[in-house]
Amino acid sequence: MAGPNELMAAIADVGADRRRGGYSRHVFDDAERELREWFVEQAEARGLRVTTDQNANIWAWWGEPGDDAVVTGSHLDSVPGGGAFDGPLGVVSALSAVDLLRAKGFTPRKPLAVVVFAEEEGGRFGVPCLGSRLLAGTIDADRARALRDPNGVTFAEAMRSFGADPARLGRDDAALRSIGQFVELHVEQGRGLIDLDRPVAVASSILAHGRWRFRFSGQGNHAGATLIADRHDPMLPASRLVLEARRTAAGVDGGRATVGRLVPNPGGTNVIASTVDIWLDARSPDDRSTRSMVEDLSSAAAEFAASEGCQVEVTEESYGDTVHFDAAFRDRLAGLLGDAPALPTGAGHDAGILAAEVPTAMLFVRNPTGISHAPEEHAEPGDCDSGAHALAQVLEDLAG
């Protein structure tokens, strides 16, 4: 029987990013493929029946697959230079929970499955929770097939290289029917459990959030030969928007706005860019204020672009409204776990996508740094064990 810490140690070298620090594991790249193979090996070693669905999500079944199953799991991909625990902790805790239940002689009366969702972070193709969005039909399959990574490879091409058929992408009613209840364990991406001095919590809600690309277009030119008065430099309005995003979010209760990616074209040191793409991540506790922030920033971007003789195009790449997890389900889990606290989260999750389709809940494991999406993300071994035991307790109650 392997605990979550031993399982985490087994994958500690996979996808380590020597340049950024942390880990870079993106759907269908070498690191993510290696993790997929590792998961399949671990599942089959436990006698679980492994299948991959039409949207590249992996399922490992304890017992015969069927409807009204109790399903748990998370993801194995990461953001660029991300932490070790975001995603994999939920997967290894699910495997460990199976071990814990078997060790005490438990046999589920309902079908039980561990699932690994594809492209949760959107680190390669730009749309977060892509595997669960496809499963639930909340993203058009043609749009998903046409998504491109930074090297111009489409999601359809990447699927084919993996040996999967992109023609089958889309809403999977059979898989959705099989999920009676879904529980996702995840490292906390914040400081709630630090302040409460508790190892495990349940989730109450997810902030409304989305991603928008702003493409500023100007005139590429020579950095030395072009007078300042003659320039139409898209970097200037792009830079102004980065600052405006912080100012706007600061004026919204609970608002967050972030530009974490900026790409000039052609990207030469002595070249005035012809285009600059920036990606805005905007979040707040409700749909209205999130949308309002983006509208204000879109208007500001148009003003900034015009002042430099440039143009701007705004494209919504993904969006999710506020998710309130089922209160009765949440309270049931909290009661099982000794009145575990309920915490909101500003991070998106596959559980949030599935919440509109099936009863869904989340468990959080304390992160003593309060940092996530960065190499400093952490969870203490004792808290990881507590999380796996809590998940096993929940699965036993739901599937027993």
Side-chain angles (χ1 to χ4, degrees), residues 14-15 17 20 22-36 39 52-58 73-83 86-88 91 115-172 175 209-215 258-263 265 275 277-283 313-320 347-354 373:
V14 181
D17 193 319
R20 300 182 179 97
Y23 295 87
S24 293
R25 302 157 165 169
H26 307 308
V27 69
F28 305 139
D29 72 5
D30 290 343
E32 199 256 4
R33 289 187 190 209
E34 184 174 345
L35 291 179
R36 282 173 169 265
F39 173 76
T52 300
D53 69 21
Q54 64 197 47
N55 297 304
N57 306 309
I58 310 172
S74 192
H75 61 97
L76 292 169
D77 64 306
S78 76
V79 298
D86 179 357
V91 175
V115 63
V116 175
F117 286 108
E119 181 75 336
E120 193 271 352
E121 297 290 5
R124 181 174 180 184
F125 291 97
V127 176
C129 300
L130 185 57
S132 55
R133 287 181 192 271
L134 283 162
L135 184 150
T138 61
I139 183 172
D140 180 74
D142 285 337
R143 183 191 167 207
R145 281 187 278 266
L147 292 171
R148 292 184 181 272
D149 72 7
N151 294 319
V153 177
T154 66
F155 188 64
E157 291 167 341
M159 281 195 75
R160 289 192 195 96
S161 74
F162 182 68
D165 182 5
R168 300 179 62 234
L169 285 176
R171 182 178 170 92
D172 190 341
H209 63 284
R211 299 180 186 185
W212 290 261
R213 185 187 70 192
F214 289 70
R215 170 162 289 179
T258 307
V259 175
R261 184 179 172 205
L262 184 153
V263 179
N265 180 54
T275 64
D277 288 338
I278 71 171
W279 282 262
L280 172 74
D281 180 302
R283 309 178 190 228
E313 178 184 3
V314 184
T315 304
E316 180 178 297
E317 295 197 336
S318 67
Y319 186 74
H349 299 283
D350 293 306
I353 302 299
L354 296 182
H373 282 187

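Position 1 is the first residue of the sequence; numbering continues from there. What you see below is based on every heavy atom in this structure, not just the backbone, and it leaves out hydrogens, waters and symmetry mates.
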- Item | Distance-minimising heavy-atom pair for Ala118 and Ala56 | CB-O, 3.7 Å
- For Arg261 and Ile278, run side chain to side chain contact (heavy atoms under 4.5 Å, CB included): C-alpha distance rounded to whole Å, both residues' side-chain angles, the deciding distance at 0.1 Å, then the answer. CA-CA 6 Å; Arg261 184 179 172 205; Ile278 71 171; over 6 Å; no
- Task: Name all residues meeting the side-chain contact (heavy atoms from CB on, under 4.5 Å) criterion together with Ala347; count only those two or more places apart in sequence or in a different chain, and write none if there are none.
- Result: Gln189, Thr345, His349
- For the residue pair Asp77 and Glu119, establish whether any side-chain heavy-atom pair is separated by less than 4.5 Å. yes
- Any residue meeting salt bridge (charged side-chain N to carboxylate O under 4.0 Å, His left out) with Arg211, in chain and number order, not counting sequence neighbours: none
- Item | Main-chain N/O of Gly210 paired to Ser318 side chain as donor or acceptor, under 3.5 Å | no
- Message: So, using side-chain contact (heavy atoms from CB on, under 4.5 Å) as the criterion, who are the partners of Glu316 when residues are at least two apart?
- Response: Trp212, Arg291, Tyr319
- Query: So do the side chains of Leu262 and Phe214 get within less than 4.5 Å of each other, counting heavy atoms only?
  - Reply: no
- Query: Between the side chains of Asp281 and His209, does any donor sit under 3.5 Å from an acceptor?
  - Reply: no
- Query: Which atom names give the shortest non-hydrogen contact between Ser24 and Ala31, and what distance separates them?
  - Reply: O-CB, 4.1 Å
- Excluding sequence neighbours, so at least two apart, what forms salt bridge (charged side-chain N to carboxylate O under 4.0 Å, His left out) with Arg20? Asp17
- Mark yes or no for whether Glu120, through its side chain, and Leu130, through its backbone, hold a donor-acceptor pair below 3.5 Å. no
- Query: Counting N and O atoms only, with roles assigned by atom type, does the side chain of Asp29 sit under 3.5 Å from a partner on the main chain of His26, one being a donor and the other an acceptor?
  - Reply: yes
- Message: Testing the basics here: between Arg171 and Gln54, what is the closest heavy-atom pair and its distance to 0.1 Å?
- Response: O-NE2, 3.4 Å
- Query: Which pairs count as ring-ring contact (aromatic ring centres under 6.0 Å, His included) when at least one residue sits in residues 142-165, sequence neighbours excluded?
  - Reply: Phe28-Phe155, Phe28-Phe162, Phe125-Phe155
Check: residues 132-141 side-chain donor-acceptor pairs under 3.5 Å, at least two apart:
residue, atom, partner, partner atom, Å
Ser132, OG, Cys129, O, 3.2
Ser132, OG, Asp350, OD1, 2.6
Arg133, NE, Pro128, O, 2.6
Thr138, OG1, Arg133, O, 3.4
Asp140, OD2, Asp142, N, 3.0
Asp140, OD2, Arg143, N, 3.1

- Query: Would a 4.5 Å heavy-atom cut-off, applied to side chains only, mark Val259 and Trp279 as touching?
  - Reply: no
- Asn151 side chain to Val153 main-chain N or O, any donor-acceptor pair under 3.5 Å? no
- Query: Where do Val115 and Ile58 land on the side chain to side chain contact (heavy atoms under 4.5 Å, CB included) test, with the steps shown first?
  - Reply: CA-CA 6 Å; Val115 63; Ile58 310 172; over 6 Å; no
- Note on the structure: By salt bridge (charged side-chain N to carboxylate O under 4.0 Å, His left out), Asp149 pairs with (sequence neighbours left out) Arg124
- Item | Set of residues satisfying side-chain hydrogen bond (donor to acceptor under 3.5 Å, both in side chains) with respect to Glu34, sequence neighbours excluded | none
- Results of side-chain contact (heavy atoms from CB on, under 4.5 Å) for Thr154 - residues two or more places apart only: Arg148, Ala156, Glu157
- Contacts satisfying ring-ring contact (aromatic ring centres under 6.0 Å, His included) that involve residues 128-150 (not counting sequence neighbours) are none
- Query: What residues, two or more places apart in sequence or in another chain, satisfy side-chain hydrogen bond (donor to acceptor under 3.5 Å, both in side chains) together with Asp53?
  - Reply: Asn57, Trp59
- Those residues that, when tested against Glu32, pass salt bridge (charged side-chain N to carboxylate O under 4.0 Å, His left out) (two or more places apart): Arg36
- Is there a side-chain contact between Asp165 and Met159, using heavy atoms and a 4.5 Å cut-off? no
- With a 4.5 Å heavy-atom cut-off, do Asp86 and His75 have their side chains touching? yes
- How many angstroms lie between atom CD of Glu121 and atom CG of Leu76, to the nearest 0.5 angstrom? 11.5 Å
